[in-house]
Amino acid sequence: MIITLCGGGSTFTPGIVKSIALRKDELDVDEIRLYDINEERQRKIGVLVDWILHEDLGLDIKLTVTTDKKTAFTDASFVFAQMRVGGYAMREQDEKIPLRHGCVGQETCGCGGLAYGMRTIFPMVELIDDVEKYAKKDYWILNYSNPAAIVSEGCRVLRPNARIINICDMPIAIIDVVCAALDIDKKDVEYDYFGLNHFGWFTSIRHKGEEVLPQLREYIKEHEILLPDSYLKGMSSLMSKKPEETTDEHPEQNRHTKGSWYYVWKGEYEIMECFPEYLPNTYLNYYLQQKEFVEHSNPERTRANEVEETREKNLFDGIDHYEKTGEIDESTFYAGSHGDWIADLAIALKNDTKQRFLVICENKGAIPNMPYDAMVELPAYIGKNGPEVISRDNIPLFQQGLMMQQLNSEKLIVEACIEGSYEKALQAFTLNKTVPSMTVAKEVLDEMIEANKDYWPELK
Ligand code: NAD
Ligand code: G6P
Ligand code: MN
């Protein structure tokens, strides 16, 4: 059984490979392949992955590191996708251009997310075509590549029969934090959730069958943030620190509680003070507190810079150090729920376990008062034929209204990309809740067209 990681040079690759390797019996994996378009980045990550598989864990899983599609995908059963089209350099543009115009600048939300979406739709379609050509007929692509909402809509429209499941690690990271706050074990927790990707709400969180949302509301009210003290200790400054300098007790789970991530955990308290019924996804902060986000942001220094100076730098410095000295510092690569989530999903598909996961899927009536063809995020039972989505009742007007605005903004950017339409792109930007006016939308869009000229289709 072959698993290929597309975007094999990603900072998340070592962690994901470790999660796969630790589940090798359930996955019955013989070979892991890393595929990337950036040869040098891929080579370096390959060195670390080789160490993880063969020296650290002593496994006999074959490793292939390649930039050739045929070598990468031939007879693969699973492709885990995590491409960042344009790299951190373009993430910086996605974050900084909107901020310069007084709008939220974020990797996957608002104008930044729309821009990233326009870069990623066609490379993801190309990936699907390559996998269709070379991989096993019953392949699965499990996709983390962002912006997952727009990517999933683009793939639905352009390749409706592709065997692809789009996923996100944020809800599970929130559950990690909730479990730490309430001191409960994640394995005993089940939850209900609805939304779009990076735009949803937990409506129930149950521990051993008992509802814990009331307790959680009290916790958040008392602490004025959704972060346990043990996590907060590691956040003494707003910048992420080198792993060896952190004092927190949960380093392996803690990527989401570093640097500027602080504000969205604080935002969980602020949103719950106004709307206490459901626990919001952290990403709703960018839509409900857009003005405040702009006020505490620095357009010269955004999350992309934090990541470049910490996660990316620590990882690649660590690999250079290993190549020079043969010593490895395991804390330089992240392992944890991000890798576990995608590897566990593959197990459910392969072994037909019908385990429950949150996935991004076509609505098809599961939320009755959302469009049939909306790509929504809902719990589903996962078996060998894919997700069996759990349908639910109508959602309340407030959430439905917010979701419709965001959904139509995302659908319009997909149409703009496919048709090469400037007007639809401008509609997508104007409709987005993070943008205050049509004129601002146009200013941001025009600057983004210039910045993305190597990546976007031409807009007429
Ligand atoms: P990264 O830049 O370190 O890694 C991405 C890799 O993708 C790079 O090595 C790059 O060369 C490669 N790449 C770019 N275009 C490609 C293409 N067309 N084909 C193959 N490879 C290509 O970025 P990262 O921070 O490790 O994140 C990787 C991806 O995972 C991003 O899209 C990020 O947004 C996403 N992500 C998603 C979730 C989620 O919840 N869905 C969580 C974490 C990260
Ligand atoms: C969460 C989201 C991802 C996003 C990531 C960014 O995990 O679910 O979709 O890519 O955060 O994290 P970063 O550390 O790169 O800012
Ligand atoms: Mn996500």
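We number each residue from 1, following the sequence as shown. Because the structure is predicted, anything quoted here is derived from the model rather than measured. Just follow the structure's listing: the first ligand is 1, and inside any ligand the first atom is 1.
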Test: [X] and [Y] ion pair at under 4.0 Å:
X	Y	answer
R356	D192	yes
D176	K186	yes
D185	K187	yes
K96	E447	no
E132	R159	no

Take every heavy atom of [X], measure it against each atom of ligand 2, and state whether any distance is under 4.0 Å.
X	answer
H198	yes
H256	yes
R91	yes
Y283	yes

Identify, by atom number and element, the atoms of ligand 2 in contact range of [X], meaning under 4.0 Å from any of its heavy atoms.
X	value
R303	13 (P), 14 (O), 16 (O)
M170	1 (C), 8 (O)
C168	8 (O)
N146	3 (C), 4 (C), 9 (O), 10 (O)

Side chain, backbone, both or neither: Y144 near ligand 2, heavy atoms under 4.0 Å:
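No part of Y144 comes within reach of ligand 2.
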Atoms of protein origin (N, O or S) under 2.8 Å from the Mn ion (ligand 3):
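For the Mn ion (ligand 3), the protein N, O and S atoms that sit under 2.8 Å away are C168 SG, H198 NE2.
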Decide side-chain contact (heavy atoms from CB on, under 4.5 Å) for L216 and L226; before the verdict, give the C-alpha distance in whole Å, the side-chain angles of both, and the deciding distance to 0.1 Å.
CA-CA 9 Å; L216 186 66; L226 173 53; 4.1 Å; yes
Does the pair E92 and E308 meet the rule for a side-chain contact (heavy atoms from CB on, under 4.5 Å), with working shown?
CA-CA 10 Å; E92 250 187 276; E308 283 165 328; 3.5 Å; yes
Residue of the set W201, F202, F199 for which ring pair (Phe, Tyr, Trp, His ring centres under 6.0 Å) holds with F194:
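When W201, F202, F199 are each tested with F194, the ring pair (Phe, Tyr, Trp, His ring centres under 6.0 Å) holds only for W201.
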Would you say the side chains of Y287 and Q406 form a donor-acceptor pair under 3.5 Å?
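A pair is found: one side chain offers a donor N or O, the other an acceptor, under 3.5 Å apart.
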So which protein heavy atom does [atom] come closest to, and at what separation?
atom	result
atom 12 (O) of ligand 2	R255 NH1, 2.8 Å
atom 6 (C) of ligand 2	E107 OE1, 3.4 Å
atom 7 (O) of ligand 2	D169 OD1, 2.4 Å

Between [X] and [Y], is there a donor-acceptor pair closer than 3.5 Å when you use the side chain of the first and the backbone of the second?
X	Y	value
Y139	R163	yes
N432	F429	no
S19	G15	yes

What are the atom names and distances for all N or O pairs under 3.5 Å between ligand 1 and the protein?
residue, atom, partner, partner atom, Å
ligand 1, 3 (O), T11, N, 3.2
ligand 1, 3 (O), R41, NH2, 2.6
ligand 1, 7 (O), R84, N, 3.3
ligand 1, 9 (O), D36, OD1, 3.4
ligand 1, 9 (O), D36, OD2, 2.7
ligand 1, 9 (O), R41, NE, 3.2
ligand 1, 11 (O), D36, OD1, 2.6
ligand 1, 23 (O), R84, NE, 3.0
ligand 1, 25 (O), R84, NE, 3.4
ligand 1, 25 (O), R84, NH2, 2.9
ligand 1, 25 (O), Y88, OH, 2.5
ligand 1, 25 (O), R311, NH2, 3.2
ligand 1, 26 (O), S10, OG, 2.6
ligand 1, 26 (O), T11, N, 3.0
ligand 1, 26 (O), T11, OG1, 2.7
ligand 1, 32 (O), M83, O, 2.8
ligand 1, 32 (O), Y116, OH, 2.7
ligand 1, 32 (O), N146, N, 3.2
ligand 1, 34 (O), E107, OE2, 2.8
ligand 1, 34 (O), Y116, OH, 3.4
ligand 1, 34 (O), N146, ND2, 3.0
ligand 1, 40 (O), D169, N, 2.9
ligand 1, 40 (O), D169, OD1, 3.3
ligand 1, 41 (N), Y144, O, 3.0
ligand 1, 41 (N), I167, O, 3.1

Does any part of the side chain of I150, heavy atoms only, come nearer than 4.5 Å to the side chain of T120, both counted from C-beta?
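A side-chain contact is absent here, since even the closest heavy-atom pair is not under 4.5 Å.
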Is there side-chain contact between L34 and Q42, with at least one heavy-atom pair below 4.5 Å?
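In contact.
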Does E39 have more than 12 heavy atoms from other residues, nucleotides or ligands lying within 6.0 Å of its CD?
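Not more than 12 within 6.0 Å, no.
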Please report whether ligand 2 has a polar contact with R311, defined as an N or O pair separated by less than 3.5 Å (distance criterion only).
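Between R311 and ligand 2 (N or O atoms, distance only) the closest approach is under 3.5 Å.
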Between Y144 and H338, ring centroids under 6.0 Å
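Under 6.0 Å, so yes.
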